[in-house]
Amino acid sequence: MKTNAPFLRLGLLSVSIATIFLLSACNAPVRMTEPSEWEGERDYVQMDRTLQGQVVIKDVNRSKVSDNLLQVQAEVQNTSRRMTRFNYAFEWFNEDGILITSPPVTWKTRQIEGNESIFLTAVAPHAEAKDFRLKVMRPVSRN
Amino acid sequence: MKFQKLFSLSGLALLSTALLFTSGCRSTEYVDADGPRTIVTRDINIQDWAQAADEMVQSMVESGVLERAPELPAVMAVSQIVNDTSESVNIERLTGRLRASLNRTGKIVTATTIGLGDVPDDPLAQREAQRRSAERPEVFWTLSGVIMEDNVRTRRTAQTTYIFILRLTEVDSQLALWEDERRITKQESRGFLGIF
């Protein structure tokens, strides 16, 4: 019986490795943290649920610059002790609530140290922008 | 004994098949060019151009300098923007987005028939304007600048910083009434096997 043990172990090892490879096969690029549901009490902030407990939007202010362009500032705080990264983007809407598609929404990445607060600012692309929405999500991992 | 041998052989066969599957798979898909799924590299890439242009326009607008022009929109011509990086890139990637964004604000329009070294963006428009003896637009602003690169490296991490410096010169006074700098820094860490 003892002499058969190496064969058995080799077989088990091979099956395990094969399973790992099969599971990873055809799966690239790996997608992580797809924000399945947005949340946020105010409709002008959409926060990825996976950032909950780590990143909070403390305050949002709006103003006007250059006479007629909407300016927005959001205070973001990392409530954890670890540095974290997040992606964010501002969407702009005209007075009828229609999304302004030009220029396209640009996602940017920021990092925030533990317990740090930072400000995200943006200026509307043109005077027709009367409202906005801030979207925050965890960076997407690719391999 | 026979069963165990067969089991190990089956395992090896399965492993080989799995390896074939893993190496044989390839997928290509569309991603949003301005979205978060674009590939991040240490080189200057599409996200960097977009970010630099957006932040520069935001800075220009917030400074209030654009209202200094007696008439809005004021005419701007793009002057020299030096690429002082190790990469051969078309500066239009920056200026194209920047000009489009400035146009949208309603504060600036770009002259396409006036260019550095008399090389305009639109030679046909220039030729037609000359043929009709049209008046050249009065340029109020010129945009110039430089893009630089700074590389540092430790044993395990390589870091590249791209420095964008832009200035807006009022032609009449020949003074840079707005100037700003943006830095984009990227780090690449050495992998487990010491290969970048």
Side-chain angles (χ1 to χ4, degrees), chain A residues 1 3-29 31 35 48 63 65-69 71 86-90 100 102-109 111 121-129 135 137-143, chain B residues 1-27 29 31-40 46-51 53-55 57-67 72 97 100-107 184 186:
Chain A
M1 188 65 191
T3 52
N4 297 332
F7 286 114
L8 196 64
R9 276 203 293 270
L10 183 63
L12 278 171
L13 186 67
S14 302
V15 171
S16 310
I17 295 171
T19 309
I20 291 167
F21 271 106
L22 277 173
L23 284 173
S24 62
C26 299
N27 202 23
R31 293 284 163 75
D48 183 346
S63 174
V65 284
S66 197
D67 286 343
N68 55 1
L69 297 173
Q71 182 187 38
F86 63 89
N87 290 337
Y88 75 97
F90 282 93
I100 294 169
S102 181
V105 174
T106 306
W107 285 86
K108 293 174 186 168
T109 303
Q111 73 176 52
T121 59
V123 174
H126 44 75
E128 282 74 42
K135 293 162 87 169
M137 65 180 281
R138 192 177 288 279
V140 179
S141 287
R142 302 201 72 140
N143 65 356
Chain B
M1 173 72 179
K2 228 176 185 178
F3 168 75
Q4 277 128 2
K5 255 188 180 173
L6 193 68
F7 181 64
S8 68
L9 281 172
S10 312
L12 283 170
L14 195 60
L15 175 61
S16 310
T17 315
L19 281 168
L20 275 174
F21 263 109
T22 314
S23 58
C25 291
R26 180 182 288 186
S27 71
E29 57 196 359
V31 294
D32 185 349
D34 292 290
R37 291 186 186 275
T38 48
I39 293 169
V40 179
I46 195 166
Q47 305 97 300
D48 303 328
W49 295 117
Q51 184 174 339
D54 288 356
E55 290 183 6
V57 170
Q58 185 176 332
S59 167
M60 244 183 254
V61 169
E62 285 175 345
S63 73
V65 72
L66 302 181
E67 276 72 49
L72 293 178
R97 188 168 178 118
S101 298
L102 284 171
N103 279 342
R104 274 188 214 101
T105 64
K107 317 284 178 189
I184 294 175
K186 299 172 176 187

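Below, chains carry the letters A, B, ... as their sequence lines are ordered, and counting in each starts from 1. As the structure is a computational prediction, the values presented were derived from the model and not from experiment.
Comparing A:S66, A:A89, A:A129 by how many heavy-atom pairs each has under 4.5 Å with chain B, the most go to A:S66. Chosen from B:S63, B:G35, B:A33, B:A100, the residue pairing most often with chain A at heavy-atom distances under 4.5 Å is B:G35. When each of A:A127, A:A124, A:A122 is checked for heavy-atom pairs under 4.5 Å with chain B, A:A122 comes out on top. Taking A:P103, A:P125, A:P104 one by one and counting their heavy-atom pairs under 4.5 Å with chain B, the maximum is reached by A:P103.
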Open item on the list: Working note: A:V123 + B:M60, criterion side-chain contact (heavy atoms from CB on, under 4.5 Å); need CA distance, chi angles, decisive distance, verdict.
Closed with: CA-CA 10 Å; A:V123 174; B:M60 244 183 254; over 6 Å; no
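Atom CG in B:L66 sits 10.5 Å away from atom CG in A:D67 (nearest 0.5 Å). B:T38 contributes atom OG1, which lies 12.0 Å from atom CH2 of A:W107 (distance to the nearest 0.5 angstrom). Distance check: A:L69 CG to B:E62 CD gives 10.0 Å after rounding to the nearest 0.5 Å.
The shortest non-hydrogen separation linking A:K108 to B:E55 is NZ-CG, 4.1 Å. The heavy-atom pair separating A:M137 from B:P36 by the smallest distance is SD-CG, 4.1 Å.
Checking each of B:R97, B:Q47, B:Q51 against A:T106 for a side-chain contact (heavy atoms from CB on, under 4.5 Å) leaves exactly one that passes, namely B:R97.
Using a 4.5 Å heavy-atom threshold, the side chains of B:K107 and A:N68 count as touching.
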